[in-house]
Amino acid sequence: MVKILVAGFKGRMGNTTTKMVLENADFELTGVYDPNASEKNLNELSDFKNEDVPAYTKLADIDVNSIDVWIDFTSPASVYENAKFALLHDISPVIGTTGLADDQVAELKEIAKKNKVGGLIAPNFGISAVLLMQFAQQAAKYFPDVEIIEMHHDKKLDAPSGTALNTAKLISEVRKQKIQGNPEEKESLIGARGADYEGMRIHSVRLPGYVAHEQVLFGGQGEALTIRQDSFDRISFMSGVAVAAKKIGDYDELLVGLENLL
Ligand SMILES: NC(=O)C1=CN([C@@H]2O[C@H](COP(=O)(O)OP(=O)(O)OC[C@H]3O[C@@H](n4cnc5c(N)ncnc54)[C@H](O)[C@@H]3O)[C@@H](O)[C@H]2O)C=CC1
Ligand SMILES: O=C(O)C1=N[C@H](C(=O)O)C[C@H](O)C1
C-alpha cells in the first residue's frame, strides 16, 4: 500500500486526485495539504465526509513519517519549496505543477540524487499529451518549421503551459537551429507572433469552457502536418498520476516526463 499526501487538495486537480487516491485499492491517503484550507480534516468537506484524513495548512505540521509519495498540484510559486521539502524528508514527489524554472529542476535533481530518493516531474500526465510530445519530436526531424498553440481554461496562472514549453524543448533537441518566418517581419501589435522559444513560436489561448488542449503545426513545401491532443476532463490525467505514484518508489533519482515510467 502506497501512503500518499495530496498537496493542493482544495484546487481543481487536487480535488480530482484526492478522489482517485481514495478510490484506488493500492493507495492509502494519509494526508492532504493546502495553506488556503480552513479544514483540519478532509471529512469536513461534504465530498469526503466519511474520510478521516488529516488536512495540513503548514509544512511544519505534516507527519512526514506517514507519507511515501507527495502528489503536487499546487502553484508555480510553491512547487519548488514543496518538492524540496518532500525530497529532504525521504518522500517521493510526483509533481504535476508547472512553472518550475530549469535551475530549480537541476537543484531538485541534485537533492534527489544526494538523498537517493525517487521523484517525477511530469508536465502532463495525459497519455494523449505524452504521445503528442513524442510524435512532435519525431516530426520535427523532417519539418523544422513549427508553431505551437496551447489552449487552456481561463483560470490558468502560467503561460505558456508546461506542456507547450516541454514540447518546444523536446523539438529543439532534434531540430536544426532555425529562425522561422520572414526575417523582416514586424509586429504592428506586440505579441502578435507569440512567444519565441529558440525561433519557434508558442501561442497561448485562455478561454472559459476549455480544459487543456495543444496543437503542434508543422509546415513544409506544399504540405502541412497538425498534431492535436485534447483533455476534455481532468480525469484524463489520473491514470498517469496513479502509475507514477505506484512506480516512483522503485527509483532513486528525479525523472522528468511520464514516458520514463511507462
Ligand atoms: N501535469 C499535469 O498533467 C497537470 C498539471 N496541472 C498543473 O497543476 C497546477 C494546479 O492546477 P489547478 O489544480 O488547476 O490549480 P488550482 O488553482 O485549482 O489549485 C491549486 C491549489 O494549490 C493550493 N496551493 C497554493 N499554494 C500552495 C502550497 N504552497 N502548497 C500546497 N497547496 C497550495 C491552492 O490553494 C489551490 O487550492 C498548475 O500548475 C497546473 O498547470 C494541471 C493539470 C494537469
Ligand atoms: O493548468 C492546467 O490545467 C494544465 N497544466 C499543465 C500544463 O501547463 O501543461 C498540463 C495540462 O495542460 C493542464
Side-chain angles (χ1 to χ4, degrees), residues 5-20 31-39 42 45 55-62 67 70-86 93-101 104 119-133 148-170 195 202 204-216 228-245 255-259 261:
L5 174 136
V6 175
F9 79 101
K10 297 282 299 227
R12 287 173 288 271
M13 283 299 290
N15 181 279
T16 309
T17 306
T18 299
K19 288 179 179 155
M20 180 279 286
V32 289
Y33 170 52
D34 199 317
N36 296 315
S38 52
E39 299 78 14
L42 192 60
L45 293 171
Y56 302 105
T57 54
K58 290 194 192 86
L59 278 180
D61 292 343
I62 293 174
I67 305 159
W70 174 295
I71 302 180
D72 199 287
F73 286 106
T74 61
S75 76
S78 52
V79 54
Y80 173 76
E81 189 190 13
N82 287 354
K84 188 171 171 179
F85 177 89
V94 168
I95 306 292
T97 312
T98 46
L100 274 168
Q104 292 178 320
L120 176 74
I121 299 171
N124 201 307
F125 283 102
I127 189 70
S128 61
V130 171
L131 289 173
L132 167 137
M133 288 187 265
I148 298 169
I149 307 174
E150 54 95 343
M151 295 149 278
H152 280 83
H153 58 92
D154 62 350
K155 301 288 181 287
K156 187 163 176 59
L157 288 174
D158 53 321
S161 71
T163 311
L165 206 50
N166 200 55
T167 309
K169 281 182 189 166
L170 290 171
I202 306 180
S204 296
V205 176
R206 297 290 176 264
L207 284 171
Y210 280 56
V211 178
H213 318 262
E214 184 169 311
Q215 274 185 202
V216 187
R228 178 175 174 126
Q229 72 78 219
D230 296 276
S231 277
F232 298 113
D233 191 298
R234 290 182 176 82
I235 197 76
S236 61
F237 304 115
M238 289 304 116
S239 55
V241 176
V243 167
L255 307 167
V256 178
L258 181 66
E259 60 278 13
L261 297 188

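Each ligand, and each atom within it, is numbered from 1 in the order the structure gives.
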Quick one: which residue pairs count as a side-chain hydrogen bond (donor to acceptor under 3.5 Å, both in side chains) with a foot in residues 234-245, not counting sequence neighbours?
Ser231-Ser236

If we set the cut-off at 4.0 Å for heavy atoms, which region of Pro123 has an atom near ligand 1: side chain, backbone, both, or neither?
backbone

Any nitrogen or oxygen of Phe125, side chain or backbone, less than 3.5 Å from one on ligand 1?
yes

Pick one of side chain, backbone, both or neither for how Ala122 approaches ligand 1, counting any non-hydrogen atom pair under 4.0 Å.
backbone

Atom pairs and distances, ligand 2 N/O vs protein N/O under 3.5 Å:
{"residue": "ligand 2", "atom": "1 (O)", "partner": "Lys156", "partner atom": "NZ", "Å": "2.8"}
{"residue": "ligand 2", "atom": "3 (O)", "partner": "His153", "partner atom": "NE2", "Å": "2.9"}
{"residue": "ligand 2", "atom": "5 (N)", "partner": "Lys156", "partner atom": "NZ", "Å": "3.1"}
{"residue": "ligand 2", "atom": "8 (O)", "partner": "Lys156", "partner atom": "NZ", "Å": "2.7"}
{"residue": "ligand 2", "atom": "8 (O)", "partner": "Gly162", "partner atom": "N", "Å": "2.8"}
{"residue": "ligand 2", "atom": "9 (O)", "partner": "Gly162", "partner atom": "N", "Å": "3.3"}
{"residue": "ligand 2", "atom": "9 (O)", "partner": "Thr163", "partner atom": "N", "Å": "2.8"}
{"residue": "ligand 2", "atom": "9 (O)", "partner": "Thr163", "partner atom": "OG1", "Å": "2.4"}
{"residue": "ligand 2", "atom": "12 (O)", "partner": "His152", "partner atom": "NE2", "Å": "2.6"}

Do any nitrogen or oxygen atoms of Thr97 lie less than 3.5 angstrom from nitrogen or oxygen atoms of ligand 1?
no

Determine, considering heavy atoms only, which of Ser78, Gly99, Gly240 sits nearest to atom 29 (N) of ligand 1.
Ser78

Is Glu81 reaching over with its side chain to a backbone N or O of Ser78, donor-acceptor style, under 3.5 angstrom?
no

Give a yes/no verdict on whether any heavy atom in Lys156 is under 4.0 Å from an atom of ligand 1.
yes

Determine the minimum heavy-atom distance between Ala129 and Thr163, stating which atoms define it.
CB-CG2, 4.3 Å

Heavy-atom nearest neighbour in the protein, as seen from atom 42 (C) of ligand 1, with distance rounded to 0.1 Å:
Met13 CG, 3.5 Å

min-distance protein heavy atom vs atom 25 (C) of ligand 1 -> Asn36 ND2, 3.9 Å

Consider every N or O of Gly96 and every N or O of ligand 1, then say whether any pair is closer than 3.5 Å.
yes

Answer yes or no: is there a side-chain heavy-atom contact under 4.5 Å between Asn82 and Leu59?
yes

Contact check, side chains of Phe9 and Asn15, non-hydrogen atoms, under 4.5 Å:
no

Looking at residues at least two apart in the chain, or sitting in another chain, which of them share a side chain to side chain contact (heavy atoms under 4.5 Å, CB included) with Asp233?
Ile235

Please determine if His153 has a nitrogen or oxygen closer than 3.5 Å to a nitrogen or oxygen of ligand 1.
no

Out of curiosity, is Pro35 lining ligand 1, as in a heavy atom under 4.0 Å away?
yes

Partner set under side chain to side chain contact (heavy atoms under 4.5 Å, CB included) for Asp230, not counting sequence neighbours
His213, Arg228, Phe232

Between Glu150 and Ser204, is a side chain to side chain donor-acceptor pair (under 3.5 Å) present by the stated rule, with each step listed?
CA-CA 5 Å; Glu150 54 95 343; Ser204 296; 2.7 Å; yes

At under 4.0 Å between heavy atoms, what of Lys155 touches ligand 1? The answer is neither

Kindly identify the option in Thr16, Asn82, Val211 whose heavy atom sits closest to atom 30 (N) of ligand 1.
Asn82

Check Arg206 against Ser161 and note the closest heavy-atom contact, atom names and distance.
NH2-N, 4.1 Å

Do any N/O atoms on Gly11 end up under 3.5 angstrom from N/O atoms on ligand 1?
yes

Considering the heavy atoms of Asn124, write down every atom of ligand 1 situated less than 4.0 Å from one of them.
1 (N), 2 (C), 3 (O)

Would Arg12 count as a polar contact of ligand 1, with the cut-off being nitrogen or oxygen pairs under 3.5 Å?
yes

Tell me the nearest of Leu59, Thr98, Asp34 to atom 23 (C) of ligand 1, using heavy-atom distances.
Asp34

Where the closest heavy atom to atom 20 (C) of ligand 1 is concerned, which of Leu157, Thr74, Val6 has it?
Thr74

Using 30° and 60° as the class boundaries, would you call the ring planes of Phe125 and Phe73 parallel, tilted or perpendicular?
perpendicular

Name of the residue among Ile121, Asn124, Val130, Val94 meeting side chain to side chain contact (heavy atoms under 4.5 Å, CB included) with Leu258
Val130

Which atoms form the tightest heavy-atom contact between Ile71 and Ala245, and what is the distance?
CD1-CB, 4.3 Å

As a quick check of understanding, evaluate side chain to side chain contact (heavy atoms under 4.5 Å, CB included) for Thr167 and Met133, giving each step before the final call.
CA-CA 5 Å; Thr167 309; Met133 288 187 265; 3.5 Å; yes

Tell me which part of Asp72 gets within contact of ligand 1: side chain, backbone, both or neither, using heavy atoms under 4.0 Å.
neither

Taking atom NZ as the centre, does Lys156 end up with more than 12 heavy-atom neighbours from other residues, nucleotides or ligands that are less than 6.0 angstrom away?
yes

Check the pair Met20, Val241 against side chain to side chain contact (heavy atoms under 4.5 Å, CB included), reporting the backbone distance first and the verdict last.
CA-CA 9 Å; Met20 180 279 286; Val241 176; 3.7 Å; yes

Do me a favour and list the nearest non-hydrogen protein atom to atom 8 (O) of ligand 1 with residue, atom name and distance?
Phe73 CD2, 3.4 Å

The single option from Val256, Val79, Leu120, Thr74 that satisfies side chain to side chain contact (heavy atoms under 4.5 Å, CB included) with Ile95 is Val79

